[in-house]
Amino acid sequence: MNDIVQAARREKLTSLLAALHLESALLYIPRHVLIEVERDLAEYALKPRKPVNPESAMKWWRDSYAPYMRVVDVPDDWGADDPRVEAVGNRHDPNAPPEKFSDAPTARLALALAECFVICRDDDLTDYSFGRHEHLELLHAAANEGEKQYVDMMAGLPLIIGGSLAKVGVDGFRRLSPVAQICTAIGAGALAYLWQRNGRARRQIKRVGTEFSGLLQTVGPPLMQIQARLAENQAVWERHSVRRDGPASVSEQAARILAYAPHSGMLAVEIAKELQAPGSLAARTTAVRATLEKSGAFTQVSRGRWQLGEPVIENRPTLKPQLMADWVKRAHEEVALHQSEKKTR
């Protein structure tokens, strides 16, 4: 809720939102967390020293956060062999009112998905290594990973388009008759001769080199900053990682496998192939199918295809390009300031 309020106050992407949008982070929540956010967010928005309009906070939640979340009805047997789950459960007062939920489902879900990361400031969880009070570095690290993927995609796009156009051109040339191929080759040679005559080709190539050098001076520092941050990420992952000590059950393994499943879901046999369990593939498939069908944690999205949990909101949002551009700019403000100072000097 704190992240939602921050986004609503500034009307800008947070690192968590950027990571979710860039799919460098996947967010799963237990059912009670969804209930608490829907119930308490409007009131929570009024608590900070600088209150936020509750309607604005709810709009950011429903439009920008909820569509990226999947809610899971966590089984009681997940994490049953881990004493930390019992410890978290014991923090809940059995005489508490019904609206005060136990945090044990969050601990159970974390152990099923381990190795994973918990975003939390609740002592009932952080006291047992399920999350840390200060988790901003974790959100920044996830966003850094997403930005690297985004940069790689944008850098590779011209190569993909160029390669596709070249393939179309080659295929088209091959389909020409021999006479047409000869005429095309002669025409291309004539154009090449005209282009290089009088030094035009040399001047244009030199101009391209100058422009490319200028581009490197502009994008080089931010790229170096991204690489430096990625190098620091490993230490962040180590500090925040939630791990399990004992072996995972078939149900827990299926949960982790399906956490990374495509939107179309996975078949039981596909899950069984990734399962770490003895027995033949047929036996493992039968065990997986039985687990999927009896547990409320899994949802059948189409005939025979399963996912973990269910989306809070079915449709993904369309993010305004300027929001992402603004986030990237803010993420590299130090580099931009340094370049500005160099130009001033």
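Since the structure is predicted, the reported quantities are computational estimates derived from the model, not experimental observations.
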(message) salt bridge (charged side-chain N to carboxylate O under 4.0 Å, His left out) for R31 and E310? Distances and angles first, verdict last.
(response) CA-CA 10 Å; R31 178 73 62 181; E310 59 187 12; 3.0 Å; yes

(request) Please assess L292 against I271 for the test side chain to side chain contact (heavy atoms under 4.5 Å, CB included), listing each intermediate value before the final yes or no. (result) CA-CA 10 Å; L292 296 172; I271 301 170; 4.0 Å; yes

(message) As a quick check of understanding, evaluate side chain to side chain contact (heavy atoms under 4.5 Å, CB included) for L13 and D326, giving each step before the final call.
(response) CA-CA 8 Å; L13 289 189; D326 172 75; over 6 Å; no

(message) Checking L267 against R305 for the side chain to side chain contact (heavy atoms under 4.5 Å, CB included) test, could you report, in this order, the C-alpha distance in whole Å, the side-chain angles of both residues, the deciding distance, and whether it holds?
(response) CA-CA 5 Å; L267 296 170; R305 290 193 169 273; 3.7 Å; yes

(message) Using salt bridge (charged side-chain N to carboxylate O under 4.0 Å, His left out), reason through R39 and E99 one step at a time and then give a plain yes or no.
(response) CA-CA 10 Å; R39 183 190 68 197; E99 63 271 13; 6.0 Å; no

(request) Go through the steps for H133 and D123 under the test side chain to side chain contact (heavy atoms under 4.5 Å, CB included), then give the verdict. (result) CA-CA 8 Å; H133 279 269; D123 290 341; 2.6 Å; yes

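Between E238 and R243 there is a salt bridge, with a side-chain nitrogen of the basic residue lying less than 4.0 Å from a carboxylate oxygen of the acidic one. Classification of R108 and D82 as a salt-bridged pair fails, no side-chain N sitting under 4.0 Å from a carboxylate O. Salt-bridge annotation for E115 and R256: absent, with no side-chain N of the basic residue lying under 4.0 Å from a carboxylate O of the acidic one. Salt bridge status for D81 with R244: present, with a side-chain N to carboxylate O gap under 4.0 Å.
Distance alone, capped at 3.5 Å, places no donor-acceptor pair between the E36 side chain and the K100 backbone. Judged by distance alone, the side chain of E293 and the main-chain N or O of A290 form no donor-acceptor pair under 3.5 Å.
Side-chain contact, E38 with W61: a donor N or O sits under 3.5 Å from an acceptor N or O. A side-chain donor-acceptor contact under 3.5 Å links W78 and S251. N233 and H140 form no side-chain donor-acceptor contact under 3.5 Å, judged by distance and modelled atom types alone. No donor-acceptor contact under 3.5 angstrom links the side chains of Q6 and T14, judged on distance only.
The only option from T291, L258, V301 that meets the side chain to side chain contact (heavy atoms under 4.5 Å, CB included) definition with W306 turns out to be L258. With H240 as reference, E137 is the one residue of E134, E137, H135 to meet the side chain to side chain donor-acceptor pair (under 3.5 Å) rule.
Distance check: D127 CG to L125 CG gives 9.0 Å after rounding to the nearest 0.5 Å. Atom CD of residue E43 and atom NZ of residue K47 lie 5.0 Å apart, to the nearest 0.5 angstrom. Between atom CZ of residue R132 and atom CD1 of residue I119 there is a gap of 14.0 Å, rounded to the nearest 0.5 Å. Expressed to the nearest 0.5 Å, how far CG of D3 lies from CG of L16 amounts to 4.5 Å. For the atom pair CG of D63 and CD1 of I313, the computed distance is 7.5 Å after rounding to the nearest 0.5 Å. Here the straight-line distance linking atom NE2 of H32 with atom CZ of F101 works out to 7.5 Å at 0.5 Å rounding.
For the residue pair G89 and S102, the shortest heavy atom distance occurs at CA-OG, 4.2 Å. Between L109 and I29 the shortest heavy-atom distance is CD2-C, 4.0 Å. In terms of heavy-atom proximity, V236 sits nearest to A141 at CG1-CB, 3.9 Å. Listed here is the closest heavy atom pair of A8 and V52: CB-CG1, 3.7 Å. Shown here for R70 and L308, the closest heavy-atom pair between the two residues is NE-O, 2.8 Å. Counting all heavy atoms, side chain and backbone alike, S264 lies closest to S302 at O-OG, 4.3 Å.
Remark: Q300 CD is packed, more than 12 non-hydrogen atoms of other residues, nucleotides or ligands lying under 6.0 Å away.
Taking the six-membered ring where the residue is Trp, Y68 and H21 present perpendicular rings, their angle passing 60° and hence far from 30°.
By the 4.5 Å heavy-atom criterion applied to side chains, S241 and F117 are counted as neighbours. Residues W237 and L138 are in side-chain contact: their nearest non-hydrogen atoms beyond the backbone lie under 4.5 Å apart. Residues V72 and P30 fail the side-chain proximity criterion, which asks for heavy atoms closer than 4.5 Å. Counting only heavy atoms from C-beta outward, the side chains of E274 and M266 approach each other to under 4.5 Å. Looking at heavy atoms from C-beta onward, R284 lies out of side-chain contact with P278 at the 4.5 angstrom threshold. The shortest side-chain heavy-atom distance between W327 and S15 falls under the 4.5 Å cut-off. Side-chain contact between M69 and V33: absent, with no pair of heavy atoms (C-beta onward) separated by less than 4.5 Å. Using a 4.5 Å cut-off on side-chain heavy atoms (C-beta onward), P54 and L46 make contact.
Note: the hydrophobic cluster containing L275 also contains F298 (ILVMFWY, side chain heavy atoms under 4.5 Å, direct or indirect links). L17 and Y28 fall into different hydrophobic clusters, where Ile, Leu, Val, Met, Phe, Trp and Tyr are joined by side-chain heavy atoms under 4.5 Å apart, directly or via other members. Hydrophobic clustering of Ile, Leu, Val, Met, Phe, Trp and Tyr side chains at less than 4.5 Å, counting indirect connections, unites V5 with L20. Under the 4.5 Å side-chain heavy-atom criterion for ILVMFWY residues, no single connected hydrophobic cluster contains both L26 and Y65. By the criterion of side-chain heavy atoms lying less than 4.5 angstrom apart, applied directly or through intervening Ile, Leu, Val, Met, Phe, Trp or Tyr residues, V288 is grouped together with I257 in one hydrophobic cluster.
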